[in-house]
Amino acid sequence: MASPPFDNNTEFNDDDPDSLLVKVSVSEVRGIEKRTRMSIETQKQELRSMVGEQYLDLISAADAIIAMSKNAHSIQNKLDRMEAACDVSTIRQKAAEARTGQNEEGHDQKRRYVYALASLIKSLADVPEQIWHALENHKYLHGARLYELARIVYEYLDSESDDEINIQAAFPVVQRQWDAVSFFRSQIIQKSISYLRNPDQTSENVAETLTCLMLLDNQTYFETMEHLLDSRTAAITDLVTTSTTSTISTSTTTKKQLQHNQQQQSRLAYQLKEVIQIIQRTLIQIYEIYTKNQWITHYVEEIEKNFMSTKTPAITRVFSPSTNAHLLMRYLPESIQNYTPHLSETAGEHVLSRDVQQFAQSWLQNMEELLQTHLSSLLQQITSHAVLVDVRSKLWEFLGTNNNTTLNRRSGMMLSDKKGDFSTWSETCQHLLEQHYSIWDSLLREAFNTRAKELIDENAKILSDQPQQVIWRKIESGDPLTSRSLNSTSLPLPNSSATKAIDDFKKTLNDASQGRSPLIQDLQYAFDNILQTMRTDLEHHQLDNTEKDQFQCKTDTNMIKKYFQDACFNSITTYAIGLNNLLDELKNWTDEKAANKMSIFVGRLARTIATSSKELPRVITLTKSATLELKSGVDKDPKYKQLQDKLLDTFHSSHGNWISTLASEFGKRLSAGLIRTKWNDECSAAIVWADVGDGDIKLPIQATSAIELAVYHICVELQHVNSALLDKFIMQNLRQQLTQTMIKCLSDFYSGLQSSPDMITEKGAIQLIFDILFMNLVFQEGVMTDSLRKIMDKTKEFIDPINWAAFEPHFLPNAERFCLKQTLLFGVLTRPNREAFERSRKVASQQQQQHNVLPMVSQAPRFTLLPIGHLTSILKA
């Protein structure tokens, strides 16, 4: 009978391969094998996943099984002991022995063992609380002794465990208490090292803390000194590197900003006081601990003599006051009662005095390098000399009261020994440093002086950058062009007759006459404001006690003042150079007219600062108020006079482009007038010639209209820039360039005549000579140059020599007379000399009286005793 078809999902309960091969075919067996192998792999993966995810439960289960096994065995042992203890024969035997009193000694010994064990466990149980109490009160040596007590108790209990009594199993509290106590070792060491950073403790307290490190950490004398110095170094580093600056939003009020600055100032003074105190106390404590009183050696010897019987025995402190500690102490093993740590074996050699000196000097040198690196950045918080001087004064007060005493200003402790004497700073320096040591001179003085110089340089830099940062921006925005013009004659009259309104109008009128426009006044105010701020801030360096000169105050103040004067001089010099650089940049402008106005504006600003600035002489001479000055200026400070000259040079050079432009325009007008005018017998100016001499000679009495218009346009430009502000130097430069331009135009004109010499006749030449004399009088006050004389000679060639001999005596008087008439029109451009003026006046007075003009009565002398001059007769028109 054929077997039923095989299904891969069919399960066979018979695992015998022989029977399986009988029932199914080979292919089916292979299918079963494949399925079985897949099942095996799946179960393996599940087992791995279970072990990986639940291994903690498996381990816990295994531990529970082991614990159950131990507990079962323990229960079995106890049941066995209970069965043995319940044995009637055994009980009767023990009762008989008890009645006979044969084992009384055994009971006493066991009782003592139980009492000792209870005493040890009690001491171990109460130690953590007492250690916490010691740490809270910074009694680290006491905490270390308690830890040592707990350690030897635990070691004793651990060593007493045997096969009969397993103390660890019988009293699990022992292990738990030791686990709690062992944690304190690292805590005590860490807190001890951290507490060494605090300088507000006596040398005895520091010595106790160092002895604690020797007891718990097995440190040597040298290592304790290194730990102390390293802790104080870390404290100083934290003080000088901690940033106390905090940003204040711009929306905060001025009051809040002021409060913040005061807090910042007091914080900085506190930090530096802390640094000074740490340095002083560290050296004093090292001197007393290792050299003078040798406190650390004293504590080491005291602990080694009897660890349990010092002033405050550790073994009695672990019990509460209600406990009879002495009854329990007598049951402690002698090995614990007589325990003494051997610190001398691990402490190494004693520190010698020369070693202490080397450590102290090396540490102090490191502190100098540390402060040199960080103190300058710490002082960057100070933004004014007032704060700097205030902080410095507080430090001087602190150092002054701390040099000859070691009184702690905060806790009131004295670094004194048991005999009542105390170590002063000078004594410590003499023994450790072998010389007097000034903390201010060696550590702080240079940094404070450097910061004072930096404050001066910062403000001086702001002043030096004003031309580029402030003035140039005004120029680029066109403010000088949109503001009041260079020659403003329209001033608003006062609306009322009030004194204030009248004074304001007078001031406005005076400013306008001096060329001080509102913008120039603002820029001058910015200039003076910086100088005033610098000067008033520097005044805080005034000496309080110039006779004593404590902390070399007088020397430093004089140095800072000298540096301030030099910095101001250099800054103002740079300011003047910056104005000149602006003039150079304005030369590159394509708008020549606007560039000229801007240049004159810059020059006016320089002139205003040089002549009107009240702070300029004060910062150079460091005087609070203006003093009387001689008109000659011989009493001026040389540096102040030098700065004035530089600023006035800028004022003069600012008109260079304007003068060149004006001369060029004059040359164009003059050349055009020379070409346009007919210089022959049809010369239009000949119509107004007048008779001279006996009336048979007619000569020019006024210049050609084209020439006069060309000169007049110069005067118009002078008025545009307020000619009253143009000093002698600028006018001389202007006249020289105008003269050169005139000579060049005349030379070019005569060069053009070579092609057509008939363009000029004797009549035109006579008028041209008059025009040349007129222009020469206006520009050079009649001084004839060689070049102009050659042109005159060339013009005379067109005149008959005989006629010229008759004409020549009348030319110069006529030209001078005409020039005198044009004085009011041309203004500052025409300044005839006294000789020409008197000569013209006499000629005018000798002329025939005009019948249509009433003669003026001659003035009678009045107040002859007063030095008042008298007006001369007015020339008749």
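Numbers here are sequence positions counted from 1.
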Hey, what do you get for [atom1] ([X]) to [atom2] ([Y]), rounding to the nearest 0.5 Å?
X: Tyr575; Y: Leu616; atom1: OH; atom2: CG; result: 11.0 Å
X: Ile730; Y: Phe651; atom1: CD1; atom2: CZ; result: 3.5 Å
X: Asp528; Y: Gln521; atom1: CG; atom2: CD; result: 11.5 Å
X: Leu370; Y: Thr233; atom1: CG; atom2: OG1; result: 7.5 Å
X: Asn657; Y: His655; atom1: CG; atom2: NE2; result: 11.0 Å
X: Thr536; Y: His385; atom1: OG1; atom2: NE2; result: 10.0 Å

Any side-chain donor-acceptor pair under 3.5 Å between [X] and [Y]?
X: Thr661; Y: Asn596; answer: yes
X: Ser599; Y: Ser654; answer: no
X: Gln372; Y: Glu446; answer: no
X: Ser612; Y: Gln524; answer: no
X: Gln644; Y: Tyr640; answer: yes
X: His652; Y: Asp727; answer: yes

Do [X] and [Y] have side chains that approach each other closer than 4.5 Å (heavy atoms only, starting at C-beta)?
X: Leu523; Y: Ile609; answer: no
X: Ile714; Y: Phe779; answer: yes
X: Met559; Y: Lys453; answer: yes
X: Arg267; Y: Tyr270; answer: yes
X: Leu444; Y: Ile276; answer: yes
X: Gln361; Y: Leu432; answer: no
X: Trp363; Y: Met367; answer: yes
X: Glu585; Y: Met598; answer: no

>> Working note: Ile439 + Trp425, criterion side-chain contact (heavy atoms from CB on, under 4.5 Å); need CA distance, chi angles, decisive distance, verdict.
In response: CA-CA 11 Å; Ile439 292 181; Trp425 172 248; 3.9 Å; yes
Between [X] (side chain) and [Y] (backbone), is there a donor-acceptor pair under 3.5 Å?
X: Asp537; Y: Ala386; result: yes
X: Arg451; Y: Ile382; result: yes
X: Ser653; Y: Thr650; result: yes
X: Asn558; Y: Lys561; result: no
X: Arg607; Y: Gly603; result: no
X: Ser613; Y: Ala610; result: no
X: Asn733; Y: Phe729; result: no
X: Thr428; Y: Ile284; result: no
X: Thr557; Y: Lys554; result: no
X: Ser664; Y: Ser660; result: no

Over all heavy atoms of both residues, which pair between [X] and [Y] is shortest? Give the atoms and the distance, please.
X: Met534; Y: Cys568; result: CE-SG, 3.8 Å
X: Ala576; Y: Leu647; result: CB-CD2, 3.9 Å
X: Ile560; Y: Ala452; result: CD1-CB, 3.8 Å
X: Gln271; Y: Leu239; result: NE2-O, 2.7 Å
X: Lys639; Y: Asp566; result: NZ-OD1, 2.8 Å
X: Arg232; Y: Asn198; result: NH2-O, 3.5 Å

> Can you list the steps and then say if Leu519 with Leu605 is a side-chain contact (heavy atoms from CB on, under 4.5 Å)?
Replying inline: CA-CA 9 Å; Leu519 183 57; Leu605 174 61; over 6 Å; no
>> Do the side chains of Glu397 and Lys394 get close enough for a salt bridge, i.e. N-O under 4.0 angstrom?
In response: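 Salt bridge absent between Glu397 and Lys394.
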> Charged N to carboxylate O under 4.0 angstrom, Glu458 versus Lys461?
Replying inline: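 Between Lys461 and Glu458 there is no salt bridge, as every charged N stays at least 4.0 Å from the carboxylate O atoms.
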> So Trp396 and Trp440, would you call those rings parallel, tilted or perpendicular, with 30° and 60° as cut-offs?
Replying inline: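 Perpendicular: the ring planes of Trp396 and Trp440 meet at over 60°.
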>> side-chain contact (heavy atoms from CB on, under 4.5 Å), that's the test. Do Leu622 and Gln565 meet it? Break it down for me.
In response: CA-CA 8 Å; Leu622 284 181; Gln565 290 174 323; 3.8 Å; yes
> Please walk me through it: do Leu538 and Ile456 pass side-chain contact (heavy atoms from CB on, under 4.5 Å)?
Replying inline: CA-CA 9 Å; Leu538 188 75; Ile456 295 173; 4.2 Å; yes
